[in-house]
Each structure stands twice: as C-alpha cells, then as structure tokens.
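Notes follow the structure.
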Amino acid sequence: MKTLILQRHAKAEKDGDDDLCRPLTPVGLSDAAAQGEALRQLDVYPELILHSNAMRARQTAEIMAVKLELSQGYTIEDAELYNCDSCTLISIIRNLPDDVDSVLIVAHNPAVEIVADTLSLSGLGHFRPSEAAVCTFDISEWRSISQRSCTDNKFIAKSE
C-alpha cells in the first residue's frame with residue numbers, strides 16, 4: 001500500500017523580481033500549518049516530503065513537517081518540481097524509492113491538480129493554494145501508478 005499526498009504550496013506574496021524567492025503571506029503561513037494539522041487529523045504521516053526549490057514550497061513543506069512532528073531530514077528539495085508539467089510529476093512519482101510507503105509532494109499548479117485529477121477515482125477540480133489530495137494505492141512499487149489507479153482519495157480543502 002502506498003500513500004501520496006499532492007499539496008499545492010500555500011499562498012505566496014505576489015510581488016518580487018524573482019519568482020523562486022516569493023515567501024508565504026501571513027495567510028499562507030497559517031494555511032500551511034492548518035494543512036499539517038489536517039493530515040494529523042487524518043492520521044497521515046509521510047515518511048518523505050519532497051518540495052520544489054521555490055521558497056513558498058519549501059516554507060509550506062517545513063511548516064507541515066513541524067505540525068506533523070517529523071524530525072529533521074524528512075524534507076528534500078527537488079528543483080525539478082518547480083515549473084514541471086504533469087508528465088514530469090508522474091515520472092518523479094514513479095521513480096520514488098519503493099521502501100518509502102508515504103510521500104508528501106509540495107509543488108505547483110497546474111501540475112499538482114492535473115496529476116491529482118488523473119490518479120484519483122473522480123475529478124477533483126481546481127486546487128487553490130494550500131489544497132491537497134491524499135491518494136492511496138494498492139501497489140508495492142511506485143512505478144505501478146497509472147491513471148485512476150488510486151483505491152481511495154480525500155481532498156483537503158483550504159481552511160476558511
């Protein structure tokens with residue numbers, strides 16, 4: 001059994017010359033913490049957190065890791081997650097280490113929502129900042145993931 005959490009980064013500042021350096025807004029900081037708490041409530045604890053090299057994705061991942069009370073070393077930066085398309089994101093997922101059963105990926109739209117929609121049992125629609133899908137798969141190898149292959153999925157909406 002494998003669990004994949006596809007998380008869109010929390011709300012970031014709009015201003016900035018360098019898109020990679022845009023930090024989370026105060027609302028984004030709060031929303032990232034709420035998403036970590038939502039995973040705790042669902043009793044979902046990733047063994048690995050991958051995030052893009054954008055500051056907003058890194059901050060989202062780190063805040064969620066703290067809320068989930070995960071120790072140092074759980075979060076890994078992957079520059080390929082920044083600006084990747086859905087095919088690249090699927091490739092990243094299929095190449096995850098098979099000894100890891102639960103992974104949180106903090107990345108960007110449109111790839112996050114397209115992949116979540118592709119893998120889930122039914123369409124999930126648009127992901128606003130801080131929204132996520134938790135998908136479970138009855139597989140032993142990540143490379144076995146395919147369209148509509150998840151056996152259960154939950155959408156975690158942004159807290160209002």
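Start at 1 with the first residue, then count along the sequence.
The pair Arg8-Glu113 does not count as a salt bridge, with every side-chain nitrogen at least 4.0 angstrom from each carboxylate oxygen. One finds a salt bridge joining Arg56 and Asp19 here, because a Lys/Arg side-chain nitrogen approaches an Asp/Glu carboxylate oxygen to under 4.0 Å. Under 4.0 Å is where a charged nitrogen must lie from a carboxylate oxygen, and between Arg40 and Glu69 at least one such pair does.
Partner of Leu50 under the side chain to side chain contact (heavy atoms under 4.5 Å, CB included) criterion, chosen from Leu96, Ile93, Val106, Leu104: Leu96. When each of Val112, Ile114, Val103 is checked for a side chain to side chain contact (heavy atoms under 4.5 Å, CB included) with Leu6, only Val112 meets the rule.
Between Ser86 and Ala111, the shortest heavy-atom contact is N-CB, 4.0 Å.
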Please walk me through it: do Leu20 and Tyr82 pass side chain to side chain contact (heavy atoms under 4.5 Å, CB included)? CA-CA 9 Å; Leu20 284 171; Tyr82 178 74; 3.6 Å; yes
Quick one, Phe137 with Thr151, criterion side chain to side chain contact (heavy atoms under 4.5 Å, CB included). Give me CA distance, side-chain angles, the key distance, then yes/no. CA-CA 5 Å; Phe137 303 88; Thr151 56; 5.6 Å; no
Between Val134 and Ile156, does a side chain to side chain contact (heavy atoms under 4.5 Å, CB included) hold up when you go through it step by step? CA-CA 8 Å; Val134 179; Ile156 306 175; 3.7 Å; yes
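Between the Glu62 side chain and the Gln59 main chain, no donor and acceptor come within less than 3.5 Å of each other. Proximity of a side-chain donor or acceptor of Gln35 to a complementary backbone N or O of Ser130 within less than 3.5 Å is detected. One N or O on the side chain of Asn109 and one on the backbone of Phe127 form a donor-acceptor pair closer than 3.5 Å. Within the 3.5 Å criterion, the main-chain N or O of Ile145 finds no donor-acceptor partner in the side chain of Ser149. Of the possible donor and acceptor atoms, none in the side chain of Thr118 sits under 3.5 Å from a partner among the backbone N and O of Gln147. At distances below 3.5 Å, not a single donor-acceptor pair connects side-chain atoms of Ser52 with backbone N or O atoms of Ala79. At distances below 3.5 Å, not a single donor-acceptor pair connects side-chain atoms of Arg143 with backbone N or O atoms of Ser91. Judged by distance alone, the side chain of Arg22 and the main-chain N or O of Glu13 form a donor-acceptor pair under 3.5 Å.
In this structure, the separation between CG on Asp117 and CZ on Arg148 is 5.5 Å, given to the nearest 0.5 Å. Note that the CG atom of Leu119 and the OG1 atom of Thr136 stand 11.5 Å from one another [nearest 0.5 Å]. Considering CG of Leu48 and CG of Asp99, their distance stands at 9.5 Å, rounded to 0.5 Å.
Residues satisfying the side-chain hydrogen bond (donor to acceptor under 3.5 Å, both in side chains) test with Asp101, not counting sequence neighbours, are Lys2.
A tilted orientation is assigned to the rings of His9 and His108, their planes being inclined by 30° to 60°.
Side-chain contact between Asp31 and Pro129: absent, with no pair of heavy atoms (C-beta onward) separated by less than 4.5 Å. Side-chain atoms of Cys87 and Ile90, non-hydrogen and from C-beta on, never get closer than 4.5 Å to each other. Taking the side chain as every heavy atom from C-beta outward, Leu39 and Ile5 approach each other to under 4.5 Å.
There is no side-chain donor-acceptor pair under 3.5 Å between His51 and Thr75.
Ile63 and Leu81 are not part of a single hydrophobic cluster, where members link through side-chain heavy atoms under 4.5 Å apart.
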